[in-house]
Amino acid sequence: MPTDYIRNGVLYVTNYLCFESSKSGSSKRNKVIRLVDITDIQKYKVLSVLPGSGMGIAVSTPSTQKPLVFGAMVHRDEAFETIFSQYVKITSAAASGGDS
């Protein structure tokens, strides 16, 4: 099974969704996505052999051909709710002309 796409790290949520790889010297594998750029966010099941029963979150943006999948999340449901509520808050403010 290829594991090149599996990265350990931390996911941060602000006005951005930021993934910071925990592998030192791998800043090119870090991801930063503006929440207002997200076109779809879904709960996703990657592989049941991964930590967290393979539960993850898939995020789509106009610049991605395939969704970006953040997997092996032990607290996937809580992470999804946090990301989704911040997304709604940011996109609502952007739609009403507020700062993002």
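Of the inter-residue distances, the one linking H75 atom NE2 with T82 atom OG1 reads 11.5 Å to the nearest 0.5 angstrom. Remark: I33 CD1 to I83 CD1 distance equals 9.0 Å, nearest 0.5 Å. Taken from OG in S60 to CD1 in I41, the straight-line distance is 9.5 Å, to the nearest 0.5 Å. To the nearest 0.5 Å, atom CD1 of residue I90 and atom CG of residue L17 are 12.0 Å apart.
For the pair K66/T64, no side-chain contact is recorded, criterion being any heavy-atom separation below 4.5 Å from C-beta on. At a threshold of 4.5 Å between non-hydrogen side-chain atoms, the residues E20 and L11 do not count as touching. In this structure the side chain of C18 never reaches within 4.5 angstrom of the side chain of N30, judged on heavy atoms.
Shown here for I38 and Y87, the closest heavy-atom pair between the two residues is O-OH, 3.4 Å.
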(request) Test side chain to side chain contact (heavy atoms under 4.5 Å, CB included) on L68 and I57 and set out the steps. (result) CA-CA 8 Å; L68 297 169; I57 296 172; over 6 Å; no

(message) Applying side chain to side chain contact (heavy atoms under 4.5 Å, CB included) to F70 and V59, what does each step give before you reach the verdict?
(response) CA-CA 8 Å; F70 303 97; V59 175; 4.1 Å; yes

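Checking side-chain atoms of T91 against main-chain N and O of V36 turns up no donor-acceptor pair under 3.5 Å. In this structure a side-chain-to-backbone donor-acceptor pair under 3.5 Å is present from Q86 to T14. Checking side-chain atoms of S92 against main-chain N and O of K89 turns up no donor-acceptor pair under 3.5 Å.
A cation-pi arrangement is present between K43 and F80 under the rule of less than 6.0 angstrom and at most 45 degrees off the ring axis.
In the hydrophobic clustering of this structure, Y16 does not group with V13; members are Ile, Leu, Val, Met, Phe, Trp, Tyr whose side-chain heavy atoms approach within less than 4.5 Å, directly or through other members.
In this structure, the side chain to side chain contact (heavy atoms under 4.5 Å, CB included) partners of V10, at least two apart in sequence or on a different chain, are Y12.
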